[in-house]
2 protein chains.
Amino acid sequence: MNRARTSLRQRHQPLRTSGHERQASLISAATSLFAANGFTGTTTKQIAKAAGVSEALLFKHFPTKHALYTAILAEKAQYSELRDAVEEATKKRDDERLFTLLASYRIRKGADPTMLRLLLFSALEGHELSDMFFQQQYRVFHDLLAGYIRRRIEDGAFRPIDPVLAAKAFFGVVLHHRLLHDIFELPMHLSHEASVVEYVSLFLGGLVRQSPDS
Amino acid sequence: MNRARTSLRQRHQPLRTSGHERQASLISAATSLFAANGFTGTTTKQIAKAAGVSEALLFKHFPTKHALYTAILAEKAQYSELRDAVEEATKKRDDERLFTLLASYRIRKGADPTMLRLLLFSALEGHELSDMFFQQQYRVFHDLLAGYIRRRIEDGAFRPIDPVLAAKAFFGVVLHHRLLHDIFELPMHLSHEASVVEYVSLFLGGLVRQSPDS
DNA sequence: ATGGTGAGTAAGTAGTTACTCACCAAAAAT
DNA sequence: ATTTTTGGTGAGTAACTACTTACTCACCAT
């Protein structure tokens with residue numbers, strides 16, 4: 001009987017996936033499930049099914065459900081993209097471009113809410129790696145922007161306001177936009193691009209009409 | 001019969017709590033647990049224990065765990081406070097006061113993060129009442145502020161910017177502040193009051209130095 | 001062929017979950 | 001004084017949870 005089963009198995013791609021690939025597919029399946037339902041809201045059974053393997057194999061790769069969660073956060077925490085463009089705008093003192101760059105990196109058509117949901121869940125559920133995740137997803141750009149604002153104040157180009165608070169405020173606007181439209185799924189009344197333009201203009205110029213223009 | 005009941009209630013408190021009080025204590029216990037651990041992260045056993053009753057009694061008052069959650073959201077959704085003060089500032093066209101009022105209602109010492117956590121959890125976990133909860137906790141002030149900004153633009157006092165987007169931006173700043181310090185528990189480098197002052201100033205005046213002052 | 005090793009699973013386990021039922025006793029109503 | 005209503009519980013239960021055990025099979029190098 002074993003022989004019969006084996007003989008039916010012709011060459012095609014191997015039925016056995018490599019450990020590395022399997023691990024990756026488990027992480028991928030778990031990522032979207034954790035992002036959708038949170039840690040406690042996701043069962044190991046669901047993850048295994050989504051990855052197309054048995055639950056037992058999941059535990060061969062990750063000793064506990066928690067370890068799998070940790071592995072996700074640790075993996076997703078690192079990315080370096082965008083920094084070059086930002087640093088260029090920084091050197092050129094191109095305020096509008098820098099702010100637009102930072103905002104539209106997060107506010108854009110294709111941006112999927114998975115990471116944001118993961119970040120919020122990890123913070124709310126109090127995961128140990130929540131801090132680290134936050135640092136690397138967010139803090140980098142925050143510090144960069146605060147530093148830039150500080151320099152521009154020294155230049156005399158910006159009003160003398162607290163740079164850290166100003167950076168926080170700007171990211172607040174951006175994050176809030178994503179919160180409303182990606183998480184709460186509220187309808188937008190302006191396109192992403194138009195929103196970014198308005199936000200940047202508002203942030204740089206303020207609300208109050210300063211000098212009556214022609 | 002009402003008279004008889006009231007007059008008999010003299011010596012030491014009754015051994016049996018009234019249905020209403022018990023319901024309230026269950027809701028109170030559940031609120032903090034749901035806020036801390038989310039819906040799936042909280043068990044009916046925990047809630048019953050926290051309220052000091054048996055699990056069976058919980059199900060006498062609320063047919064399902066879900067119904068209890070719904071009851072919480074429905075109860076906490078309504079409050080009207082603050083509106084009077086806001087409307088007064090609105091009439092007086094006192095920009096700074098209005099913005100400060102709105103911001104410091106949420107950014108203040110005693111503000112407990114329970115409602116914010118509940119709101120975020122309900123949105124992330126996709127609860128049916130999430131929308132309603134959001135509307136009443138948040139939308140009211142949003143619309144109010146957007147309306148005010150629109151009027152001030154008509155007055156010629158504010159720059160002609162999209163009022164809805166501007167209101168969204170301001171609440172973004174405020175919510176973000178709470179997110180960082182109440183949920184992520186990052187240390188603050190300024191007091192709540194000082195932060196509000198800076199935020200309002202930034203929002204009204206913008207970042208760029210418009211007219212070189214003396 | 002043979003044996004070592006990693007990929008894979010069916011069928012568990014002990015504990016937990018939301019929820020129920022039979023029953024009791026304190027008040028109220030009669 | 002007795003019935004009715006209401007607040008309250010101990011002891012369940014079926015389904016589900018994270019995690020294990022004992023085992024089979026595919027692949028490859030001798």
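Naming: A, B, ... by sequence-line order, numbering from 1 per chain.
Going from atom CG of A/Leu57 over to atom P of C/dA10 covers 11 Å, rounded to whole Å. To the nearest angstrom, P of D/dC16 lies 12 Å from CD of A/Gln46. The separation between A/Ile47 atom CD1 and D/dC19 atom C1' is 13 Å, rounded to whole Å. Going from atom CZ of A/Phe62 over to atom P of D/dT20 covers 15 Å, rounded to whole Å. In this structure, CD of B/Gln23 is placed 14 Å from P of D/dT6, rounded to the nearest angstrom. Atom CG in A/Leu58 sits about 12 Å away from atom P in D/dT20, given to the nearest Å.
For B/Tyr199 and B/His177, the ring centers are positioned less than 6.0 Å apart. Between B/His176 and A/Tyr138, the ring center distance clears the sub-6.0 Å criterion. A ring-centre distance under 6.0 Å is not found for B/Phe121 and B/Phe34.
Residues B/Lys91 and B/Glu87 are not paired through a salt bridge, judged by the lack of any N-O separation under 4.0 Å between the basic side chain and the carboxylate.
Nearest nucleotide to the side chain of B/Arg22, out of D/dT9, D/dG8, C/dG8: D/dG8.
Partners of B/His127 according to the ring-ring contact (aromatic ring centres under 6.0 Å, His included) rule, which considers only residues two or more places apart in sequence or in another chain, are B/His66, B/Tyr69. Evaluation of the ring-ring contact (aromatic ring centres under 6.0 Å, His included) rule for A/Phe170 yields A/Phe99, A/Phe203 as partners, not counting sequence neighbours.
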Taking only N/O atoms, report every protein-nucleotides 18-21 of chain C pair under 3.5 Å with atom names and distance.
from   : atom 1 : to      : atom 2 : distance (Å)
C/dA18 : OP1    : B/Thr42 : O      : 3.3
C/dA18 : OP1    : B/Lys65 : NZ     : 2.8
C/dA18 : OP2    : B/Thr44 : N      : 2.9
C/dA18 : OP2    : B/Thr44 : OG1    : 3.0
C/dC19 : OP2    : B/Lys65 : N      : 2.7

